[in-house]
Amino acid sequence: MFIPCQSCNTEHATDWLWFVCDTCGYRVCHPCKASIGFKCEQCTFGYFKEK
């Protein structure tokens, strides 16, 4: 099954290396997280955690 990155909309497999915000649940792929950093861009207090 494939799901889209919420930042770039590229579809990746569910077992792909995902980073999910610990506050709002915003999900990004590894390449997007590398350009964004650890701080979530969608909420004030969230940080990305590897899932």
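- Listed by chain and number, the residues in a side chain to side chain donor-acceptor pair (under 3.5 Å) with Q6 amount to none (sequence neighbours excluded).
- Two residues are said to be in side-chain contact when any heavy atoms from C-beta on lie closer than 4.5 Å; P31 and C8 fail this criterion.
- Residues in residues 23-48 take part in these ring pair (Phe, Tyr, Trp, His ring centres under 6.0 Å) pairs, two or more places apart or across chains: F19-H30.
- Here side-chain hydrogen bond (donor to acceptor under 3.5 Å, both in side chains) pairs that include residues 7-22, with residues two or more places apart or in two chains, number zero.
- A donor-acceptor pair under 3.5 Å is absent between the side-chain atoms of R27 and the main chain of C21, judged by distance alone.
- Closest non-hydrogen pair, C5 versus C29, comes out as SG-N, 3.4 Å.
- Under the 4.5 Å side-chain heavy-atom criterion for ILVMFWY residues, a single connected hydrophobic cluster contains both L17 and V28.
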